[in-house]
Structures are given as structure tokens and as C-alpha cells.
Colleague: 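Before we start, here is the structure in question, set down as C-alpha cells.
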Amino acid sequence: MTYSGEVRVGGPADVHELKDLMITKIAVGPMDNNAYLLRCRATDEQLLIDAAAEAETLLGTIGDDGIASVVTTHRHPDHWQALAEVVAATAARTYAGRDDAEGIPVPTRVPVDDGDTIRVGQVQLTARHLVGHTPGSIALVYDDPHGHPHVFTGDCLFPGGVGNTRKDPDAFASLIHDVETKIFDALPDETWVYPGHGNDTTLGAERPHLPEWHARGW
């Protein structure tokens with residue numbers, strides 16, 4: 001079936017099948033968080049992005065093969081409510097942005113800086129540090145050698161704008177700068193965007209609206 005990226009809490013996951021990577025998207029919790037399970041097709045190793053909520057649901061999605069790693073995109077509590085239980089059940093390595101790690105109650109085994117590589121089997125993800133929604137938010141970029149890039153943006157980029165900066169003009173200026181220079185300027189329009197809440201988008205769909213985002217300040 002064709003992947004749409006449209007999921008709802010209590011509903012089924014949606015699976016994006018790439019040549020080297022399978023991406024399973026599922027919505028969990030009272031804030032409709034997205035969690036993403038990445039599976040290397042060559043090795044079957046798995047990595048989870050954001051153990052946001054509903055540990056039982058996430059562990060059921062993970063299955064008996066477990067996960068090698070779990071990445072928390074940022075320190076806001078709705079993105080790590082199930083982290084302790086998932087890590088206890090899987091012994092997964094924990095990753096988070098270095099500047100957000102202290103705000104996550106489960107210890108971060110591998111603090112992440114801009115440009116760092118995180119692997120799932122034979123697949124390589126590149127971390128981009130995006131400052132503004134939180135001090136240590138990270139996005140993960142998969143540059144598919146067989147197609148266009150894919151980027152998991154946490155709460156830093158959504159359809160229609162960047163993440164919430166709580167009407168702080170300095171935080172907004174920082175976030176829009178980082179999103180523009182590290183995501184829009186670095187990646188093509190075909191890049192698929194997987195946000196922390198809601199539906200997916202592409203950079204091409206959002207790029208024409210960047211001037212509007214600057215003008216409105218959020």
C-alpha cells in the first residue's frame with residue numbers, strides 16, 4: 001500500500017518502505033505524538049525515534065527483535081514519557097542532543113552534536129542541531145542513496161511552519177535560521193519531512209512559505 005504518513009492515536013501504523021530502510025510511523029499519547037521505528041533491511045537492526053508515550057504500543061510495534069537504539073529529538077516531556085519503560089525492556093542505547101540531555105530523566109548514553117552520525121544497521125543518519133524550540137533539539141537526516149533524502153524533524157519543522165518558540169523573538173530567529181541553513185539550504189525539495197506531531201510534508205511544499213514565516217515571527 002502507498003505510504004501517506006497519516007496516522008491517528010489508536011489507529012494502525014503506516015509503513016514507508018525504502019530500498020534499504022523501513023520506516024514505521026505510529027501516533028501515541030494525549031498530545032498525538034509521532035514515533036518512528038526505523039529498520040535496516042540488510043541487518044534487521046532497529047532504531048526508535050521518540051519513545052513518546054504508550055510503552056506497550058511501542059513495544060508491540062518494535063516486536064521480538066527489539067531495538068538497538070532510541071533517539072529522543074528533544075527534552076519536552078511529551079517526547080519521552082515511555083522512554084524509561086522502553087529502555088528497560090530493550091536495553092537500547094539512548095541518544096539525545098547534548099544540550100537537552102540533562103532535561104531527559106533517562107540517562108543519555110550518547111550525547112549528540114551537530115553533524116554526528118547515528119547508525120541503524122548499515123544505514124547512516126546525520127544529526128542536525130536546531131536551536132530554538134529547545135536548546136538541544138536535533139533532527140535526523142537519512143540521505144537515501146537510491147532516492148531523495150528523508151528528515152525526522154521532531155518539533156522543529158511542521159507543515160506550515162517551524163516549532164513553537166513561545167513568542168520569544170530570539171528563539172524564533174535562532175530556529176528559523178537553523179532550519180533554513182541546515183535543512184532547506186542543504187536538502188532538495190523532494191526531501192520527505194517526518195515531524196513530531198501530525199502529517200508529513202516535503203521541503204518543496206514548505207519552501208515557498210518561508211518569507212511568510214519570517215514576516216509573522218512564528
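None of these values were measured; they are calculated from a predicted model.
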Colleague: Picking from Tyr194, Tyr3, Trp192, what satisfies side chain to side chain donor-acceptor pair (under 3.5 Å) with His16?
Modeller: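 Among Tyr194, Tyr3, Trp192, the one that satisfies the side chain to side chain donor-acceptor pair (under 3.5 Å) with His16 is Tyr194.
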
Colleague: Consider side-chain contact (heavy atoms from CB on, under 4.5 Å). Of Asn33, Ile104, Thr94, Val106, which one does Trp80 pass it with?
Modeller: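 Of all the options given, the one that passes is Ile104.
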
Colleague: If the test is side chain to side chain donor-acceptor pair (under 3.5 Å), which one of Asp116, Asp113, Thr108 qualifies with Arg98?
Modeller: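 The single option meeting the side chain to side chain donor-acceptor pair (under 3.5 Å) with Arg98 is Asp113.
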
Colleague: Output yes when Asp99 and Arg75 qualify as a salt bridge under the 4.0 Å nitrogen-oxygen rule, no when they do not.
Modeller: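 So Asp99 does not pair with Arg75 through a salt bridge.
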
Colleague: Side-chain donor-acceptor pair under 3.5 Å between Thr73 and Asp155, yes or no?
Modeller: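 Thr73 vs Asp155: no donor-acceptor pair found between side chains.
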
Colleague: Which residues satisfy the salt bridge (Lys or Arg N to Asp or Glu O under 4.0 Å) test with Asp32, sequence neighbours excluded?
Modeller: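 Partners of Asp32 by the salt bridge (Lys or Arg N to Asp or Glu O under 4.0 Å) criterion come out as none, since no residue qualifies.
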
Colleague: Hey, does Thr201 have a side-chain heavy atom less than 4.5 Å from the side chain of Leu157?
Modeller: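 No, side chains not in contact.
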
Colleague: With Val28 as reference, evaluate Leu58, Val7, Asp50, Thr61 under the side-chain contact (heavy atoms from CB on, under 4.5 Å) test and give the passing residue.
Modeller: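 The passing option is Leu58.
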
Colleague: Using the ring-ring contact (aromatic ring centres under 6.0 Å, His included) rule, take His209 and His214 through it: C-alpha gap first, then chi angles, then the decisive distance, then the call.
Modeller: CA-CA 9 Å; His209 303 289; His214 275 280; over 10 Å; no

Colleague: Quick one: do the Ser69 and Arg93 side chains pair a donor with an acceptor below 3.5 Å?
Modeller: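 Their side chains do contain a donor-acceptor pair, which is all the 3.5 Å distance test asks for.
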
Colleague: Between Lys25 and Asp14, is there a salt bridge with N-O shorter than 4.0 Å?
Modeller: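 No.
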
Colleague: How about Asp78 and His197: does a side-chain donor come under 3.5 Å of a side-chain acceptor?
Modeller: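 A donor-acceptor contact under 3.5 Å links the two side chains.
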
